[in-house]
Amino acid sequence: MTHATESLYIDGRRVDATSGDTFAVVNPYDGSTLAEVQQASEADVDAAVAAARRGQRVWAAMTGMERGRVLQRAVALLRERNDEIAELESRNTGKPISETREVDIVTGADVLEYYAGLAPAIEGSQIPLRDSSFVYTRREPLGVIGSIGAWNYPIQIACWKSAPALAAGNAVVFKPSEVTPLTAMALAEILTEAGLPDGVFNVVHGDARVGQLITGHGDIDKVSFTGEVGTGKKVMSASAASSLKDVTMELGGKSPLIVFADADLDRAADAAMMANFYSSGQICTNGTRVFVASSVKEAFEGKIKERVARIQAGDPLDPAVNFGPLVSFEHQEKVLSYIAIGKQEGARVLAGGEAWDQGDWANGAWAAPTVFTDCTDEMRIVREEIFGPVMSILAFDDEEEVIRRANDTAYGLAAGVFTEGLNRAHRVIHRLEAGICWVNTWGESPAEMPVGGYKQSGVGRENGVETLAHYTQTKSVQVEMGPFESVF
């Protein structure tokens, strides 16, 4: 599916940007142009925020049950259009259709469905003080939410950010990544078709300049951002400077995946493959530091080599393909530079390592699925987030050592432990400094599970019941039924 020109979505309809500027969106598989997308101006962002402010008053006045019904209708429409949207997502991101059909839209719809069910359950509490007086609390929406998405899971992230915000009665101004902006428009149209009042979900396209307009906007009450740590710090600073906005940020990671000697090595190897090569390694929670007990390291490496050999790279629209190109040619340069760095640092190439930028691969933004082993903690490929299909295997000898080394990072997004020992599993996972943890599995983030990071990997949480608290504010009301006592 090709779009000649893509506009903005403001106040319940497509509208042309006033800037006059456009940018190209490219298919990373073959370099073809998918669309020319209009760049939002400051006036366009102002218009979107004003529409959101108007629409939010209408939306917040509806009951939770009414809001939930609208979101449920949107879920049904998303599921009906799953394959159509998945194809567009694959063309835009380079991810295999086998992924986008089964995961991207499905999990986005799951989160919308989850919060649709929770919308009527947003409630306050009653606090007795004395016989004649009590306090009750209300959970009220924040107002207008500015949401800034990432390029790796475009429609899923749009759903993750909008679902709790909308369930709680807020309006959203959403900026998708300029690299993968196309499916956000499909979501906007679906929400309108489902009955969302005009202005409650708006899409403004553009580069970092549009993100800065959102974070610095005085009429936006909260910013939710997904991206890398450096940009997250700028978002947080700008949000505080403009209007002391609340922020939720899901940032980068360099997550440890620990394989103890008693682990089921086949299960651990399968998980390590998914934690490094699914979506061509472009997942923030990926377990890219694979710590393996020295006594089983050689056996584990053999299993990884077998699995890498089974990777099927090719046209993302081929259902048999399970590995696609990187999202952009710019990102390809970064990933290929890290593969070169790994070789320079003395890591041993267990699998891959080729440039994949010549011959049959020359037209796409490819990087070979690559495994380095005999890595050390000081290597840049071990310390820095690559966000590509690059696994680093490190040996360890004892539990205390691997916990210390796993935690020796500024990141704290995810972590995992593979062991058949129940006590060890809980003992180790409780000491790992990460917000999303798995035991004998990796990668699933269901709607019910709060996700977010420790340390520099984030602020706040997405998904789960507790996220509703991040999109509401508490109003306390004291009621006095007896006489008022004055000291004057």
Side-chain angles (χ1 to χ4, degrees), residues 6-11 15-25 36-53 56 142-154 157-158 160-162 165 170-182 184-185 188 199 201-252 284 327-328 330-331 334 385 387 456-460 462 470-471:
E6 194 63 270
S7 58
L8 314 180
Y9 199 90
I10 298 174
D11 209 13
V15 299
D16 288 329
T18 61
S19 69
D21 296 331
T22 64
F23 56 92
V25 174
E36 290 290 331
V37 178
Q38 297 177 4
Q39 166 99 10
S41 68
E42 183 173 2
D44 298 325
V45 173
D46 287 343
V49 174
R53 187 64 64 187
Q56 191 270 332
L142 296 172
V144 176
I145 311 300
S147 296
I148 302 173
W151 47 253
N152 59 334
Y153 275 83
I157 289 173
W160 279 26
K161 292 192 178 303
S162 60
N170 300 284
V172 175
V173 176
F174 182 68
K175 189 197 94 67
S177 166
E178 66 272 27
V179 180
T180 55
L182 301 181
M185 297 296 282
F201 185 82
N202 308 273
V203 180
V204 288
H205 295 296
D207 55 23
R209 291 171 292 174
V210 177
Q212 290 163 2
L213 290 170
I214 289 173
T215 57
H217 204 291
D219 230 8
I220 286 178
D221 301 292
K222 175 188 173 77
V223 170
S224 176
F225 170 78
T226 297
E228 58 95 22
V229 173
T231 306
K233 290 179 179 179
K234 294 176 183 176
V235 167
M236 194 167 191
S237 177
S239 297
S242 60
S243 57
L244 207 62
K245 294 178 183 61
D246 189 13
V247 295
T248 293
M249 294 194 295
E250 199 268 296
L251 306 176
C284 51
V327 74
S328 70
E330 179 184 8
H331 190 54
K334 174 188 173 183
E385 185 176 38
F387 219 69
Q456 293 190 38
S457 285
V459 176
E462 295 186 311
H470 296 301
Y471 287 95

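Starting from 1, each residue takes its place in the sequence as its number.
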key: Side-chain heavy atoms of L182 within contact of V25, under 4.5 Å   =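 They are in side-chain contact.
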key: Flag side-chain contact, heavy atom, 4.5 Å: S147 against S224   =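 Contact flag for S147/S224 side chains = yes.
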query = Rounded to the nearest 0.5 Å, what separation is found between the CE atom of M236 and the NZ atom of K245?
reply =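 It is 13.0 Å, given to the nearest 0.5 Å.
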request  = Give, for atom OG of S243 and atom CG of D219, the distance between the pair rounded to the nearest 0.5 Å.
outcome  =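 With rounding to 0.5 Å, OG (S243) is 8.5 Å from CG (D219).
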query = Quick one: salt bridge (Lys or Arg N to Asp or Glu O under 4.0 Å) pairs with a partner in residues 227-236, sequence neighbours left out?
reply =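 Every candidate salt bridge (Lys or Arg N to Asp or Glu O under 4.0 Å) pair involving residues 227-236 fails, so no pair, neighbours aside, qualifies.
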[X] side chain vs [Y] backbone, donor-acceptor pair below 3.5 Å:
X    : Y    : answer
K175 : G206 : yes
N202 : V49  : no
H205 : S7   : yes
S242 : S239 : yes
S457 : L251 : no
D221 : V144 : yes
S19  : Q39  : yes

Taking all non-hydrogen atoms of both residues, which atom of [X] and which atom of [Y] are closest, and how far apart?
X    : Y    : result
G146 : I220 : N-CG2, 3.5 Å
G149 : F174 : N-CE1, 3.9 Å
A40  : V45  : CB-CG2, 4.5 Å
S328 : V179 : CB-CG1, 4.3 Å
A171 : G199 : CB-O, 4.1 Å
V203 : A184 : CG2-O, 4.0 Å

Test salt bridge (Lys or Arg N to Asp or Glu O under 4.0 Å) applied to [X] - qualifying residues, sequence neighbours left out:
X    : value
D246 : K222
D21  : none
D46  : none
E385 : none

inquiry  = Test of understanding: with ring-ring contact (aromatic ring centres under 6.0 Å, His included), list the residues that count as partners of F387, not counting sequence neighbours.
reply    =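 Once residues adjacent in sequence are excluded, the partners of F387 under the ring-ring contact (aromatic ring centres under 6.0 Å, His included) criterion are W151.
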Partners meeting side-chain hydrogen bond (donor to acceptor under 3.5 Å, both in side chains) with [X] (sequence neighbours left out):
X    : result
S41  : T18, D44
E250 : none
Q56  : none
Q212 : none

message = Please enumerate all residues that pass side-chain contact (heavy atoms from CB on, under 4.5 Å) together with I157, with sequence neighbours excluded.
response =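 With sequence neighbours excluded, I157 shows a side-chain contact (heavy atoms from CB on, under 4.5 Å) to A150, N152, Y153, K161, T226, given in chain and number order.
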key: T22: partners by side-chain contact (heavy atoms from CB on, under 4.5 Å), with sequence neighbours left out   =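 By the side-chain contact (heavy atoms from CB on, under 4.5 Å) rule, T22 matches E36, Q38.
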query = Do D16 and L8 pass the side-chain contact (heavy atoms from CB on, under 4.5 Å) test, and can you show the C-alpha distance, the side-chain angles, and the key distance before you say yes or no?
reply = CA-CA 6 Å; D16 288 329; L8 314 180; over 6 Å; no
Criterion side-chain contact (heavy atoms from CB on, under 4.5 Å) on Y471 and I145, from CA distance to verdict = CA-CA 8 Å; Y471 287 95; I145 311 300; 3.8 Å; yes
message = Using the rule given for side-chain contact (heavy atoms from CB on, under 4.5 Å), can you reason through T215 versus F225, listing the C-alpha separation, both sets of side-chain angles and the distance that settles it, and then say yes or no?
response = CA-CA 10 Å; T215 57; F225 170 78; over 6 Å; no
